[in-house]
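Each ligand, and each atom within it, is numbered from 1 in the order the structure gives.
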Amino acid sequence: MCAASLYPVRPEVVARSFTDEAAYKAMYQQSVINPDGFWREQARRLDWIKPFTKVKQTSFDDHHVDIKWFADGTLNASYNCLDRHLEARGEQVAIIWEGDDPSAQRLITYRELHEEVCRFANALRGQDVHRGDVVTIYMPMIPEAVVAMLACARIGAIHSVVFGGFSPDALAGRIADCRSKVVITADEGLRGGKRVPLKANVDEALTNPDTYSVNKVIVCKRTGGDIKWHSHRDIWYEDLLKVAGSICAPKEMGAEEPLFLLYTSGSTGKPKGVVHTTGGYLLYASLTHERVFDYRPGEVYWCTADVGWVTGHSYIVYGPLANGATTLLFEGIPSYPDMTRISKIIDKHGVNILYTAPTAIRAMMAQGRAPVEGADGSSLRLLGSVGEPINPEAWHWYYENIGRERCPIVDTWWQTETGGILITPLPGATSLKPGSASRPFFGVQPALVDNLGNLIEGAGEGNLVIIDSWPGQARSLHGDHDRFVDTYFKTFKGMYFTGDGARRDEDGYYWITGRVDDVLNVSGHRMGTAEIESAMVAHPQVAEAAVVGVPHDVKGQGIYVYVTLNDGVSASEALRQELKAWIRREIGPIATPDVIQWAPGLPKTRSGKIMRRILRKISVGEYDGLGDISTLADPSVVQSLINIHRGMQ
Ligand code: 6R9
């Protein structure tokens with residue numbers, strides 16, 4: 001590692017940080033040598049109703065995977081995010097809402113948020129939602145989305161937030177899997193000046209007979225646009241609030257009772273409902289938010305994720321609010337009205353901490369300095385990155401242009417299943433290497449193993465596993481604990497397998513190299529290749545499809561689809577466009593293929609397994625070094641795919 005790419009911690013950053021290098025080392029040691037003692041102490045940051053006596057009770061044994069933290073303690077997440085702050089900071093702004101239209105904004109104090117959550121919690125109870133029931137939230141980035149999440153938490157209902165960019169079909173699948181009783185949505189969303197037909201999507205999803213469990217749809221008025229109304233089922237959010245009482249005692253929840261489900265893509269077609277529970281998750285979100293971002297009271301913190309993803313759950317809602325922070329909620333997109341939007345929001349609201357994704361950084365970088373031209377940016381003190389590996393070029397652009405060579409960048413590696421950040425620099429403790437997520441957070445024991453599961457010592461590269469539990473870890477997959485065990489604990493026995501590959505350098509820094517399974521990362525969003533393939537073959541003219549990721553300047557990875565058409569169907573540009581539109585409709589715009597290549601046949605082994613390795617090479621024009629293709633059922637398909645690819649260039 002050359003010296004030029006090492007950024008030592010600046011003295012002024014050490015001075016204001018919670019954790020310096022010595023503190024990191026000491027706390028990390030303690031956290032792994034004596035996890036019970038360490039987490040017992042840390043858990044004091046939450047308000048418990050009944051204190052726990054047990055701390056860590058976890059087993060990664062693949063015959064008996066069982067993860068429990070603080071199991072006999074009780075608490076309420078919404079109480080921890082709201083009520084306990086009222087005395088000291090009831091009038092402090094909890095949520096700064098910045099609308100899609102730059103002139104739209106709202107400031108909501110902790111007292112106001114608390115009151116609305118209590119009212120809406122009562123309203124949900126009035127709709128017969130109770131402890132353990134699942135509520136699907138399909139909303140734009142408006143404060144009511146946060147209210148809905150916390151209102152569920154208040155009464156012990158389990159929320160399942162579905163990203164507003166998902167299609168009716170994707171929504172229906174997620175509703176059917178968890179059998180939610182109620183869906184909370186808005187008439188329409190607004191993103192980049194365009195309306196998103198959320199209520200119409202819900203209506204369409206609910207025509208699927210598998211969504212029979214839903215008996216109420218609560219609709220928040222965002223745009224006032226025209227929507228269809230089903231009076232036996234639909235209710236206005238605003239009407240419910242008007243009549244609901246403002247006092248709602250928080251339900252006493254066991255630490256291991258579920259707080260939420262969040263569906264994420266895996267390497268098979270069916271999305272996984274990741275289960276997070278109350279105590280360990282909230283503690284982990286809160287502690288990581290404070291330490292990784294060095295959050296101090298009064299600061300303005302902005303995470304640009306959508307609440308439909310785990311980053312929005314942990315670092316827009318639960319972590320910041322548990323810490324009494326001011327969290328900024330942005331409805332729009334970084335490119336609207338133009339690429340200066342992020343800088344403008346930073347200056348307008350005096351943002352101190354910005355947490356965003358490499359894809360957004362690369363989109364700005366593509367315009368040189370223009371996105372920061374005329375901006376002040378002096379409020380910023382810390383930058384964060386999440387969702388995919390950040391390439392050093394983007395890191396430097398971020399550091400120089402947004403951070404003005406003053407703000408450390410925390411490159412945070414984690415997953416939906418991990419609940420919170422696992423590998424990250426701590427601003428006062430860790431020298432930065434652009435492109436490296438660096439070192440583990442307290443209590444986290446990463447390791448690298450080869451494909452046979454042998455531990456790799458020292459510097460090296462391999463599969464990234466975590467060898468023991470941490471409080472924020474997912475406990476199961478909804479309704480399918482066997483799949484949970486199979487997916488995460490069977491590949492390498494006794495260890496949690498992340499699905500990522502990584503390199504560890506001589507300083508012990510981790511460099512995430514990307515997924516080693518059939519999962520793509522498109523603009524920081526996880527997409528299973530199987531999910532796209534099964535949507536594609538659902539088209540009446542498609543016989544077969546195979547999806548691979550290809551390098552993409554802005555999105556990190558683009559989606560490249562090989563399509564075999566049914567006999568007698570002829571390939572045309574019109575059909576290609578139709579198939580792209582089909583995927584948008586089936587899954588959502590984020591899954592839109594970048595390239596569709598016609599394939600008379602796919603390279604398959606004799607046992608029928610598609611050899612994606614070959615498809616990956618052809619899609620980037622690497623026709624040499626395809627390796628041994630003699631095991632293919634029909635090796636001649638390779639040459640025809642190469643010819644077609646050549647013809648497309
Ligand atoms: C939080 C989140 C998880 C996958 C993960 C990895 C990739 C996330 C990263 C990163 C390199 C980082 N990933 N952060 N890769 N550096 N800082 O994104 O959750 O949507 O579940 O995605 O994203 O491949 O396995 P999720």
Point to revise | Arg174: which of Val162, Leu262, Thr136, Val161 passes side chain to side chain contact (heavy atoms under 4.5 Å, CB included) | key: Val162
Exercise for review: Report yes if the distance between the aromatic ring centroids of His289 and Tyr318 is under 6.0 Å, otherwise no.
Suggested key: no
Review point. Rounded to the nearest 0.5 Å, how far does CD1 of Ile409 lie from OG1 of Thr424?
Key: 11.5 Å
Practice item. Under the ring pair (Phe, Tyr, Trp, His ring centres under 6.0 Å) rule, collect the residues that match up with Phe441, sequence neighbours excluded. Key: Tyr284
Run through all N or O atoms in ligand 1 and write down each protein N or O closer than 3.5 Å, as a pair with its distance.
{"unit_1": "ligand 1", "atom_1": "13 (N)", "unit_2": "Gly387", "atom_2": "O", "d": "3.3"}
{"unit_1": "ligand 1", "atom_1": "14 (N)", "unit_2": "Gly387", "atom_2": "N", "d": "3.1"}
{"unit_1": "ligand 1", "atom_1": "15 (N)", "unit_2": "Pro389", "atom_2": "N", "d": "3.4"}
{"unit_1": "ligand 1", "atom_1": "16 (N)", "unit_2": "Glu388", "atom_2": "O", "d": "3.4"}
{"unit_1": "ligand 1", "atom_1": "17 (N)", "unit_2": "Asp411", "atom_2": "OD1", "d": "2.8"}
{"unit_1": "ligand 1", "atom_1": "17 (N)", "unit_2": "Thr412", "atom_2": "O", "d": "2.7"}
{"unit_1": "ligand 1", "atom_1": "19 (O)", "unit_2": "Thr416", "atom_2": "N", "d": "3.4"}
{"unit_1": "ligand 1", "atom_1": "21 (O)", "unit_2": "Thr416", "atom_2": "N", "d": "2.8"}
{"unit_1": "ligand 1", "atom_1": "21 (O)", "unit_2": "Thr416", "atom_2": "OG1", "d": "2.5"}
{"unit_1": "ligand 1", "atom_1": "21 (O)", "unit_2": "Arg526", "atom_2": "NH1", "d": "2.8"}
{"unit_1": "ligand 1", "atom_1": "23 (O)", "unit_2": "Gly387", "atom_2": "O", "d": "3.2"}
{"unit_1": "ligand 1", "atom_1": "23 (O)", "unit_2": "Asn521", "atom_2": "ND2", "d": "3.4"}
{"unit_1": "ligand 1", "atom_1": "24 (O)", "unit_2": "Asp500", "atom_2": "OD1", "d": "2.7"}
{"unit_1": "ligand 1", "atom_1": "24 (O)", "unit_2": "Asp500", "atom_2": "OD2", "d": "3.2"}
{"unit_1": "ligand 1", "atom_1": "25 (O)", "unit_2": "Gln415", "atom_2": "NE2", "d": "2.9"}
{"unit_1": "ligand 1", "atom_1": "25 (O)", "unit_2": "Asp500", "atom_2": "OD1", "d": "3.3"}
{"unit_1": "ligand 1", "atom_1": "25 (O)", "unit_2": "Asp500", "atom_2": "OD2", "d": "2.6"}
{"unit_1": "ligand 1", "atom_1": "25 (O)", "unit_2": "Arg515", "atom_2": "NH1", "d": "2.8"}

Point to revise | Partner set under ring pair (Phe, Tyr, Trp, His ring centres under 6.0 Å) for Trp97, not counting sequence neighbours | key: none
Exercise for review: Identify, with sequence neighbours excluded, every residue that meets ring pair (Phe, Tyr, Trp, His ring centres under 6.0 Å) alongside Trp414.
Suggested key: Tyr315
